[in-house]
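A short worksheet on the structure shown next.
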Amino acid sequence: MNTPLLQEGWFIWGMGLVILFPAVMVMANEIALKLKPRSPELAGIVQEVRNLVMPTLAMLILLTQVIELDGDRTSLRIVETLFWVSLIHASLWLVNTILFTGARPNTWQDKIPKILRDLVRVVMILVGITIVLSVVWETDLGGLITALGVSSIVLGLALQDTLGNLFSGVALLVERPFEVGDWLEAGDNIGKVVEINWRSVHLITRERELLIVPSSILARDVIRNYRRPLKLHVEPVMIGFSYDDPPNKVKRVLLEAALETDGILNQPTPEIQTISYDDFAITYKVRLYLPNYDNVPKVRDEFMTRIWYTARRNNLNIPFPIRTVYHHEVTPTSPDEVLSNLVNYLRSLPSFTALSQDLLEDLSCSSTFKHFGRGEIILHQGDREVQPHFVLAGRGSILLRTDTGVEREVAQLRRGDFFGADALLGNQQSFTSVVATDDLEAIAIATTTFQEILDKTPRLARELGAIISARRQTMHHLQQPARRG
């Protein structure tokens, strides 16, 4: 009895392929074109399905349902294998695109490193290949699994260091305790992270040397990250002062030195603590707040250099360590010698060459030496109780802060020049700032004594008055642009 054609299975599958396959291909092409401007990754997946999955599926249906080939045929198994491989590839691509493409920062998708995703993808591909071998090719995988197990043990023993670095690197990449640009201390090594990979971390030291630290070593060490949880860095500095120096005065001087050092933050304010009473000094700990760890050596150098000048200027003593005691007689400097030295210093200055011995001695009795380091602010604009100063050595600069807040240079200071003229004009505060542009030594004279000397030496008063007048004109000229603006 003849069976109607419409009831034949091969005819129904064949007509389905003829009608549905072209329609699905056209639809997939349209979807890919619409997705491409907004999501190129999804458009690529649709094209993958159209170009690989759908043709192999159609070929598989044609061979099994229309032509009805025997399932043991090699050609059929090849086509079925191609179908499953293309389907697995497209599925993995789709999962990766949905979960990880365009992941927002600080989400779990963003924190998973690419190498871990690649490893999972390799494992899934191996699982898919195993299923294809077992289902499509009807392969007995027992012997293969045994061989792979033995081989994996041998490879694990031979590559234990490499595998250790691999898994340690993956663990570090997953945890992310540091990133490129962070400063790390691991063991005896300190450096800036320039590269992170599955095997090692590359550090650049302060000496511009490249350190390649294996991930397995980093995984065992205690890692100190100088940029986390905040970029703000606290740099401790230990310094000792004499037992004769009052601690509160020492703390005030150290705070002054810290606040005037470039690179040290005013907020939070540096902290100074009295730590211990040691054999030869009282030890103080200064906690300096820096915006980051990058410039620690430079800032520390400038701060330690400034301490010497500030301590010397405030008559503080940084004692030598007492380990070996040498007995020798020291002849103390007599007051007459100190006075004679001051007189000689004053006489060497051009402004005082014409003064008599008596006047020079009067000036010397009310004068003090002062030392300033390069970059120190000697006078702040607005300071009160200003004294006249004469430069003995070094260089400085007189600065004026205009109404717009811009600092402009009024005059440069060299040996023989003076500053602090506001004290001679009877002003209660300084109209300018003075900065040491190099290490500077100056002699400060009591205002009342100096005013008396000027009354007795009209020539000196006229010379200094001319200098003061010229500076005031310069200050007036510098203020004009700000006022016009």
Side-chain angles (χ1 to χ4, degrees), residues 237-264 270 272 274-275 278 280-286 288 298-322 330-335 337-346 348-349 363-380 383 385-397 413-420 430 433-447:
V237 176
M238 308 296 289
I239 186 71
F241 282 89
S242 170
Y243 276 85
D244 296 330
D245 300 329
N248 285 335
K249 181 179 179 180
V250 172
K251 290 181 179 181
R252 177 181 58 80
V253 169
L254 289 175
L255 180 60
E256 174 188 336
L259 294 177
E260 292 184 355
T261 302
D262 292 336
I264 297 177
I272 298 97
T274 305
I275 298 299
D278 298 323
F280 57 90
I282 300 176
T283 302
Y284 299 86
K285 181 178 183 179
V286 185
L288 306 174
K298 179 181 178 182
V299 175
R300 189 183 180 94
D301 168 68
E302 292 185 4
F303 175 66
M304 295 298 291
T305 303
R306 194 178 295 273
I307 285 177
W308 187 91
Y309 292 97
T310 309
R312 192 72 173 266
R313 191 166 59 252
N314 289 274
N315 298 318
L316 299 179
N317 183 29
I318 303 175
F320 293 99
I322 299 175
V330 178
T331 304
T333 304
S334 65
E337 290 184 37
V338 175
L339 181 62
S340 176
N341 290 334
L342 286 171
V343 169
N344 291 332
Y345 276 123
L346 289 173
S348 67
L349 298 176
L363 283 175
S364 300
C365 290
S366 58
S367 301
T368 54
F369 283 112
K370 291 190 176 182
H371 300 261
F372 300 92
R374 178 173 56 87
E376 278 198 274
I377 301 176
I378 303 172
L379 284 179
H380 290 84
D383 279 355
E385 299 181 1
V386 180
Q387 285 184 317
H389 290 67
F390 284 83
V391 179
L392 297 175
R395 293 181 299 171
S397 180
L413 299 173
R414 289 178 174 81
R415 174 177 169 77
D417 294 335
F418 79 99
F419 58 91
S430 174
S433 300
V434 179
V435 179
T437 56
D438 201 350
D439 285 8
L440 185 145
E441 296 180 7
I443 187 167
I445 305 173
T447 305

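Just so you know, these numbers use all the heavy atoms, side chains as well, and skip hydrogens, waters and symmetry mates.
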Worksheet item: Roughly how far apart are I264 CD1 and L288 CG, rounded to 0.5 Å?
Response: 4.0 Å
Practice prompt. Quick one: closest heavy-atom pair of S364 and L346, and the distance?
Written response: OG-CD1, 3.4 Å
Practice prompt. Write down the atom of T261, the atom of A257, and the distance for their closest heavy-atom approach.
Written response: OG1-O, 2.7 Å
Worksheet, complete the sentence: Rounding to 0.5 Å, atoms OH (Y345) and CG (L392) come to a distance of 7.0 Å
Practice prompt. Please tell me if the side chains of T447 and P388 come closer than 4.5 Å, counting only heavy atoms from C-beta onward.
Written response: yes
Response to the item:
Across all chains, not counting sequence neighbours, the salt bridge (Lys or Arg N to Asp or Glu O under 4.0 Å) partners of E441 are none
Worksheet item: Which pair of non-hydrogen atoms, one from P319 and one from F280, has the smallest distance, and what is that distance?
Response: CG-O, 3.2 Å
Worksheet item: Who passes ring pair (Phe, Tyr, Trp, His ring centres under 6.0 Å) against F390, sequence neighbours left out?
Response: F352, F418, F450
Response to the item:
Residue set satisfying side-chain contact (heavy atoms from CB on, under 4.5 Å) with V391, at least two apart, ordered chain then number -> L413, F419, L440
Discussion item. I need the R312 CZ to N314 CG distance, nearest 0.5 Å.
Written reply: 12.5 Å
Worksheet entry | R374 atom CZ: more than 12 heavy-atom contacts under 6.0 Å | no
Worksheet, complete the sentence: Residues V386 and G420: closest non-hydrogen pair is CG1-CA, 3.7 Å
Worksheet entry | Exceeds 12 heavy-atom contacts within 6.0 angstrom, atom NZ of K249 | yes
Fill in: Considering all heavy atoms, the nearest A446-Q387 contact
CA-NE2, 3.8 Å
Fill in: Pairwise distance CG(D439) to OH(Y309) - rounded to 0.5 angstrom
2.5 Å
Worksheet entry | Nearest-0.5 Å distance, CH2 of residue W308 to CD1 of residue I239 | 13.0 Å
Item to complete: Could you pull out all residues at least two apart from L255 that satisfy side-chain contact (heavy atoms from CB on, under 4.5 Å)?
Response: L259, T269, P270, I272
Worksheet, complete the sentence: Heavy-atom closest pair (E302 atom, D262 atom, distance to 0.1 Å) is OE1-O, 3.7 Å
Fill in: Test side-chain contact (heavy atoms from CB on, under 4.5 Å) applied to R395 - qualifying residues, sequence neighbours left out
R414, T437, D438
Item to complete: Would you mind checking if E376 and K370 are paired as a salt bridge, meaning a charged N to carboxylate O distance below 4.0 Å?
Response: no
Worksheet item: Of the options V253, N317, T274, V250, which is the one that meets F241 in a side-chain contact (heavy atoms from CB on, under 4.5 Å)?
Response: V250
Discussion item. Under the rule for side-chain contact (heavy atoms from CB on, under 4.5 Å), what residues qualify as partners of V435, not counting sequence neighbours?
Written reply: I377, L399
Worksheet item: So, do T368 and L342 sit near enough that their side-chain heavy atoms are less than 4.5 Å apart?
Response: no
Fill in: Whether T310 side chain and I307 backbone form a donor-acceptor pair below 3.5 Å
no
Discussion item. Let's go through S242 and L316 carefully: what are the C-alpha distance in whole Å and the side-chain angles of both, what is the deciding distance for side chain to side chain contact (heavy atoms under 4.5 Å, CB included) to 0.1 Å, and is it a yes or a no?
Written reply: CA-CA 7 Å; S242 170; L316 299 179; over 6 Å; no
